[in-house]
Protein chains: 2
Amino acid sequence: MVERTRFDDSECPVGRSVDVIGDRWSLLIVREAFDGCRRFGEFQRSLGAAKNILSARLRALVDAGIFEVTPASDGSAYREYQLTPKGRDLFPVVVALRQWGEAHFFAPGEPRSELLDRRDGRRLDALRVRAADGRPLDPDDTVVTKVDPARAQRAMP
Amino acid sequence: MVERTRFDDSECPVGRSVDVIGDRWSLLIVREAFDGCRRFGEFQRSLGAAKNILSARLRALVDAGIFEVTPASDGSAYREYQLTPKGRDLFPVVVALRQWGEAHFFAPGEPRSELLDRRDGRRLDALRVRAADGRPLDPDDTVVTKVDPARAQRAMP
DNA sequence: CCGTATCCATTCCGATACTG
DNA sequence: CAGTATCGGAATGGATACGG
């Protein structure tokens, strides 16, 4: 029996993150939640996903602590799926993906959905990685610390 | 024949992004590249991935314009895989994932790899989503524009 | 050392039918 | 409406063998 590689014990935080949300649906579901989706049917309609896979993904996201199920809200006997603080902390991830997609997968005038500041209606500024003092950072300015090999159990991921 | 749902014509930039890098390996490969990996063997050793899958993923990433193959660099007859500008633009995505993972998958003292500012050795500040004027933004402050339904061909993703 | 090819297991995904 | 159950097909991932 060959088991799939897991990254949930990786010493790299990116690995542990990818282990949970590294698939085609999770981040789209989270995006819908940021956009106000709460009910199963809302997710299903707006995503166009099959019910079984939506069901499975939602369960996985709940297990991962990204969503929580609240018994009801309007009185109907059904559940609602609500982002936890951990799930809400995915906001920068989703925004970063959005901006990357905007920059590289759309022709200049091509219609697209956009993220606006609710308070003044302006488009979101480019998300920049910043150093502690606020300076913008790029990959060349950064270095990844390696964990003490004696304590690390496995390779990088 | 049942075909897998594609998001590459979605009107949402997040969908198009996920369509390309929404899997378990792509972003880890990109992360290694930010960390200096260039050669097939380097990726393979540090990721611990099987060669065939690394090969397939690298090819897909090259096809997507995220990596480019440069014929050589040190004289050996082999290729090197280098991030294109489009690939380098994934830096905020990787950093956002890293910070999310740090915040939610590590115990306080648990050893982990970290991203440091090469110039002064300080840890990276928290990545924040900012409005055009620099104010931090959170999900509650944002709203997603819907594309004109007449022009949109499909549902949200 | 750098990959590609093959083979197989597992997982993911989609359509549909079904229950409450 | 809100899911679960089942099924088949596709994609992914892993081990290994092989050629440049």
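Numbers restart at 1 for each chain; the letters A, B, ... are given by sequence-line order, proteins then strands.
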- [ ] Check the distance between D/dT4's C1' and A/Leu54's CG and give it to me in whole angstrom.
- [x] 13 Å
Task: Nearest-nucleotide comparison on DNA chain D, the residue closer to the 5′ end among B/Ile53 and A/Ala56 - done: A/Ala56
- [ ] Could you tell me the separation between the CD atom of B/Gln44 and the P atom of D/dT16, rounded to a whole number of Å?
- [x] 13 Å
TODO: Please determine, for the side chain of B/Arg57, which listed nucleotide (D/dG13, C/dC13, C/dT11) has the closest atom?
DONE: D/dG13
Task: D/dT4 OP1/OP2 closer than 4.0 Å to side-chain N/O of A/Ser55 - done: yes
Task: Proximity to the side chain of A/Phe40 - top-ranked nucleotide from D/dC1, D/dG13, D/dG3 - done: D/dG3
TODO: Provide, to the nearest angstrom, the distance between the NZ atom belonging to B/Lys51 and the C1' atom belonging to C/dT6.
DONE: 14 Å
TODO: Using heavy atoms to find the nearest nucleotide of DNA chain C for A/Arg4 and A/Ala49 separately, return the residue whose nucleotide is more 5′.
DONE: A/Arg4
TODO: Could you please name the option among C/dG3, D/dT4, D/dT12 that lies closest to any side-chain atom of B/Arg79?
DONE: C/dG3
Task: Axis-to-axis angle between the two ends of the helix from C/dC1-D/dG20 to C/dG20-D/dC1 (five base pairs per end, rounded to 10 degrees) - done: 30°
- [ ] Would you indicate which nucleotide in C/dG14, D/dG3, D/dC1 comes nearest to any side-chain atom of A/Arg39?
- [x] D/dC1
Open item on the list: Expressed as a whole number of angstroms, how long is the span from A/Arg24:CZ to C/dT11:C1'?
Closed with: 14 Å
Open item on the list: The side chain of B/Tyr78 is closest to which nucleotide in this list: D/dA11, C/dC1, C/dT4?
Closed with: C/dC1
- [ ] Indicate yes or no: at least one non-hydrogen side-chain atom of A/Val62 is less than 4.5 angstrom from one of A/Glu68.
- [x] no
Open item on the list: Can you classify the ring geometry of B/Phe40 versus B/Tyr81 as parallel (below 30°), tilted (30 to 60°) or perpendicular (above 60°)?
Closed with: tilted
TODO: Write down the distance between CZ (B/Phe7) and P (D/dA11), rounded to a whole number of angstrom.
DONE: 14 Å
TODO: Figure out the CZ/C1' separation between B/Arg6 and D/dA10, and round it to whole Å.
DONE: 13 Å
Open item on the list: On the side chain of B/Asn52, is there an atom forming a donor-acceptor pair with the base of C/dT6 - under 3.5 Å, no angle test?
Closed with: yes
Task: Protein-nucleotide distance (B/Ile29, atom CD1; D/dT12, atom P), rounded to Å - done: 12 Å
TODO: Output yes when at least one side-chain N/O atom of B/Thr5 is less than 4.0 Å from OP1 or OP2 of C/dG14, else no.
DONE: yes
Open item on the list: Taking the minimum atom-to-atom distance to the side chain of B/Arg59, which one of D/dA11, C/dT4, D/dG3 wins?
Closed with: C/dT4
TODO: Not counting sequence neighbours, list each pair that qualifies as a side-chain hydrogen bond (donor to acceptor under 3.5 Å, both in side chains) and has a residue in residues 125-137 of chain B.
DONE: A/Asp117-B/Arg135, A/Asp120-B/Arg135, B/Asp133-B/Arg135
Task: Nearest-0.5 Å distance that lies between atom CG in A/Asn52 and atom CZ in A/Arg57 - done: 11.5 Å
Open item on the list: Donor-acceptor pair, distance only, cut-off 3.5 Å: does the side chain of B/Thr142 make one with the backbone of B/Pro139?
Closed with: yes
Open item on the list: Run A/Asp138 and B/Arg118 through salt bridge (Lys or Arg N to Asp or Glu O under 4.0 Å) and show every step you take.
Closed with: CA-CA 10 Å; A/Asp138 73 42; B/Arg118 172 165 273 137; over 6 Å; no
TODO: Quickly work out the B/Phe43 CZ to C/dC1 P distance and round it to whole Å.
DONE: 16 Å
Task: Residue met sooner reading DNA chain D from 5', once A/Glu42 and B/Asp23 are mapped to nucleotides - done: A/Glu42
Open item on the list: Please enumerate all residues that pass side chain to side chain contact (heavy atoms under 4.5 Å, CB included) together with A/Ala56, with sequence neighbours excluded.
Closed with: none
Task: Phosphate OP1/OP2 of C/dG14: any A/Trp25 side-chain N/O under 4.0 Å - done: yes
Task: Short side-chain N/O contact from A/Tyr81 to OP1 or OP2 of D/dA2, under 4.0 Å - done: no
- [ ] Step through it carefully: locate the ring centre of A/Phe7, locate the ring centre of B/Trp25, and say whether they are under 6.0 Å apart.
- [x] yes
